[in-house]
Number of protein chains: 2
Amino acid sequence: MPKRISIVDVAREAGVAISSVSAALNGGPGVSEATRARVRETADRMGWVPSVRGRSLSSKRTRALGLVVQRQAGVLEADPFFAGFIGGVESVLEPAGYALLLQIGRTPEAGADRLRRLGLSGAVDGVFLTDVSVDDPRFPLLDHLHLPAVAVNAPGSMWVSSVTQDHRSGLRDLMEQLISIGHRDIAHVAGTAGLVHSEERASVWRSVLESHGLPLGPVIRGDFTTEAGVRAADTLLGGPRVPTAVVCANDLMAIGFLSRAKALGVRVPDDVSVTGFDGVLLGAHVHPPLTTVMTSPVALGTRAAEVLLASIDGGPRVDETIAPAAVVDRASVAPPRGRAA
Amino acid sequence: MPKRISIVDVAREAGVAISSVSAALNGGPGVSEATRARVRETADRMGWVPSVRGRSLSSKRTRALGLVVQRQAGVLEADPFFAGFIGGVESVLEPAGYALLLQIGRTPEAGADRLRRLGLSGAVDGVFLTDVSVDDPRFPLLDHLHLPAVAVNAPGSMWVSSVTQDHRSGLRDLMEQLISIGHRDIAHVAGTAGLVHSEERASVWRSVLESHGLPLGPVIRGDFTTEAGVRAADTLLGGPRVPTAVVCANDLMAIGFLSRAKALGVRVPDDVSVTGFDGVLLGAHVHPPLTTVMTSPVALGTRAAEVLLASIDGGPRVDETIAPAAVVDRASVAPPRGRAA
DNA sequence: CGATGAAACCGAAACGTTTCGGTAGGGGGA
DNA sequence: TCCCCCTACCGAAACGTTTCGGTTTCATCG
C-alpha cells in the first residue's frame, strides 16, 4: 500500500514550506513567480492532487453542490427536465472545479429531510431547489441552515435567489393561436397539484379563456405521467361533449393522450387538437408530431449554477430570467372541424 | 453567525469525553448502554449532525460514490438508462448513508481525466463504470488508483467487479421470432462503434442469421440517437432492396426509424417490421407500439450499488448477473408481406 | 550608513472527526 | 485480603489542508 502523497511530500521535494506550496498552487500572494513555477512543476511531476478531505475541512468549502430530486421513481425515467438541467449545471461546475451531489427524495418530506442533513453535515456549499411547491417548507429550512441556494422556476421567493424561464408567455401564445383558428372548447390536462408550474399553466389556460369570454373547458387533474395522459383521453374523449382542443401541462401527458386517442379511433388533429409543454425530443417523432412549448432545461441549469456559485462567493440575492419558452408549431393542431382554414 | 455546533459541544453538554460521543453514536464498544442513550439524546436535542468534512478526513472514507457519465449532451436527454440506473443506485445508497457524486465527461478522455482526479483527490470511496468500451483505459487507471469500482454491463473485466444483465438472450429470442414468422431479410441499425453493448447486439444479430444460414442484411452505423434512426430509415427504405425487418440497437433509433418510415409512406409493420431495444416508457405510446427487449436499469443500479458498497468494505471481486432482458411483444412486428400468418 | 518597508517565505494553529494507547474502578477468584 | 482482569471512559495524536502572524532578506531612501 503506497502511502498517499500529500502536500508535505511536495513541500519537501520542492524545498519550500507547506504554506508556500498552498499559496503557490492557489494563486495566493507572497510567492515569487520562480517559486510558483517550481512548485507547480514538482506537484505535476509527483502527480499530486490536493485532498478534498483535508481541503474541505480546513477551508470550510466542500466544492460540491447539492441537488435533491423530489420525484417518484417512475416519472424520473422519461423526464425531460433533469437530464438537460444536470447537463447545464455540470457544464459550469466542471470548469469551476465543483462537483454535483445528487440525492433523490421520493416524497417531499424525505426530500426536505435529506436537504436538512446535507446542510447540517456540511456536505455541500449550496443547493439547487427544483419542483418547488407553493409555501415550500424548504425555504425557511435553508434560511435556518444559512445554506446558499437557488430556486429554479420559482421566482421571488424572498428567501433565496432564483433563475426562471417564463413559461406563461409561450403558453399564452399557444392559447391565442388555438382561439384564433377557431377553437372555443378547450380542455386542460393539468399537472400534479401544488407544484408552482402546474398551477401556473392552469392559470394561463384559465385567464386566456376568460379574457376572450370563452367557457372554461373541463380540467383533468394529471400527474405529468404518460399514463395520466392516457386516462385523460379516456375521460375527455368518452365524455358527452368532446372538446375541440386539449392543452396538456406537459409533453408526456400529451403523448399519452395522442396514443390513447389513436387507439380510440379519434383523429388528431382532425377531430381534436392536442398540445404539450416542454419540448421533449421525442415529441417531434410521435404522430402527429406534437405542437408544444419549448423549454430550455440546459440554459436553466447553466444559469442556475452560475447564480449559485456567485451566491456562495457572497454575491447578492438575485432573480434572473432566461429567454422565454416559445411555441413550436408542429402538426397536432388544426382548426376545429367544419371550420377548416 | 451562530457557530456551528460540533462534537465537543455535545461532549461537554453530555459530560463525557469526545471519544465517548464518537463511540456511542457509531456503535463502538466501550460504552455503557446508559451512556450511549444519554449521548444520543443529547445529540438529538442539540440537533447535531456529524460533519462529513471532519469525519471523512479522519476516517479516510468520504461516504460518497462517483458516477462519471460519458455522453454527449444530446443523447443524455432522452436517455432511458441513466434516470433508472441512478434511481436504483440511490435506493441503496440512501439507507446506507452514502451520497452520489455525479460528473459528466463529454468525451471519453475527459471522462477518464475526471475519474482520475476523483480518485486522487479522494473525493469518493468508489465509482460506477458505465458505457464501458472494449479495452477501456479506465480499468488500469482504477487499478493504479486502488479505487474500488463496479463495471455495469461489462462482465469479466478482470480488474473490477461487475454487474450485468444478459442482453444477448432477449435479442436472440427476438431474432428467432422474426425468422420464425418468415423474415429472411433482416437489417441492423447499430449503435456507437466501440461500445461493448453496441458490439454485443451486432454480434447477436449476426450470429443468429448465420446459424440459420441467412444472408446478413445491411448494417447501418448509428449513434443511439433518434436522428440516427431517421437517417437509417432514409438509407434503408430508399435503397434498392428494402429489408422486411429492421432490428435497431436501441429504442430511440427505432422510434426515429418509425417516424421517418411513416413520413415516407412506408407502413409498419405491414411493409417492414421494426424492433427496438431498452424498453423505454414511450415505446408503448408510439404508433405502432414498439416491439422491443425490456432492460432493467433500476435493478442494475440497485445491484451495482450493493456490490460496490460490499467491495468498499473489503469484499471480494464478483461478477453478478441479474434477470435477463426479455422480449416485449407489441405491434411493430408482423410477418413479411405475402406471407401473412 | 542605518532605518524603513515590502516581498518572500516559514511555522504553527485550526478545522472536526476517528482511533488508539492508557487509566481508574470494581468484581471475582484464590 | 490481594491480585488480576475486564469494562467504561479519557486524552491525545493523526488526517491534509488553509490561514495567519511572524521572520528574514534586500532594496530604497533619508
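Sequence lines set the chain letters: A, B, ... in the order given, protein chains first and strands last, and positions in each chain run from 1. What you see is a predicted model; the values in this text were computed from it and never measured.
- Rounded to an integer number of Å, the gap from Arg55(B) CZ to dC15(C) P is 19 Å.
- OP1 and OP2 of dC9(C) both lie 4.0 Å or more from every side-chain N or O belonging to Ser20(A).
- The side chain of Val16(B) approaches dC10(D) more closely than any other nucleotide in the set dG16(D), dC10(D), dA8(D).
- In summary, the aromatic rings of Phe139(B) and His144(B) are positioned with their centroids too far apart to meet the 6.0 Å limit.
- Nearer to the 5' terminus of DNA chain C, by closest-nucleotide assignment, is the contact made by Gly54(B) (compared with the other of Gly54(B) and Ala23(B)).
- The phosphate of dC9(C) (OP1 or OP2) has a side-chain N or O of Thr35(A) nearer than 4.0 angstrom.
- Taking every side-chain heavy atom of Ser58(B) into account, dT18(C) is the closest of dT18(C), dG16(D), dC10(D).
- If you measure from atom CD of Glu33(B) to atom P of dC9(D), you get 10 Å, rounded to the nearest angstrom.
- In this structure, CZ of Arg12(B) is placed 13 Å from P of dG11(D), rounded to the nearest angstrom.
- Neither OP1 nor OP2 of dT19(D) sits under 4.0 Å from any side-chain N or O of Ser59(A).
- Minimum atom distance to the side chain of Val31(A) is reached by dC9(C), of the listed dT18(C), dG16(C), dC9(C).
- For the pair Ile18(B) CD1 and dT19(C) P, the interatomic distance rounds to 15 Å; values are reported in whole Å.
- Counting non-hydrogen atoms under 4.0 angstrom, Ser32(B) reaches the backbone sugars and phosphates but no base.
- Between Leu145(B) atom CG and Arg116(B) atom CZ the span is 8.0 Å, to the nearest 0.5 Å.
- The interatomic distance linking Arg4(A) (CZ) with dC15(D) (C1') rounds to 10 Å, in whole Å.
- In this structure, the CZ atom of Arg53(B) is 10 Å from the P atom of dT17(C), given to the nearest Å.
- Counting only heavy atoms from C-beta on, Ser51(B) has its side chain closest to dG16(C) among dT18(D), dG16(C), dT18(C).
- Atom C1' of nucleotide dG16(C) and atom CG of Leu57(A) are separated by 6 Å, given to the nearest angstrom.
- When rounded to the nearest whole Å, the span between CZ of Arg61(B) and C1' of dT19(C) equals 14 Å.
- Atom OG1 in Thr42(B) sits 12.0 Å away from atom CG in Asp9(B) (nearest 0.5 Å).
- Heavy atoms of Ser22(B) sit under 4.0 angstrom from at least one base atom.
- Side chain of Ser161(B) to backbone of Ala151(B): no donor-acceptor contact under 3.5 angstrom is found.
- Along DNA chain D, the nucleotide closest to Ser19(B) and the one closest to Ile7(A) are compared, and the more 5′ of them pairs with Ser19(B).
- Note that CG of Leu57(B) and OG of Ser51(A) are 6.5 Å apart. Values are rounded to the nearest 0.5 Å.
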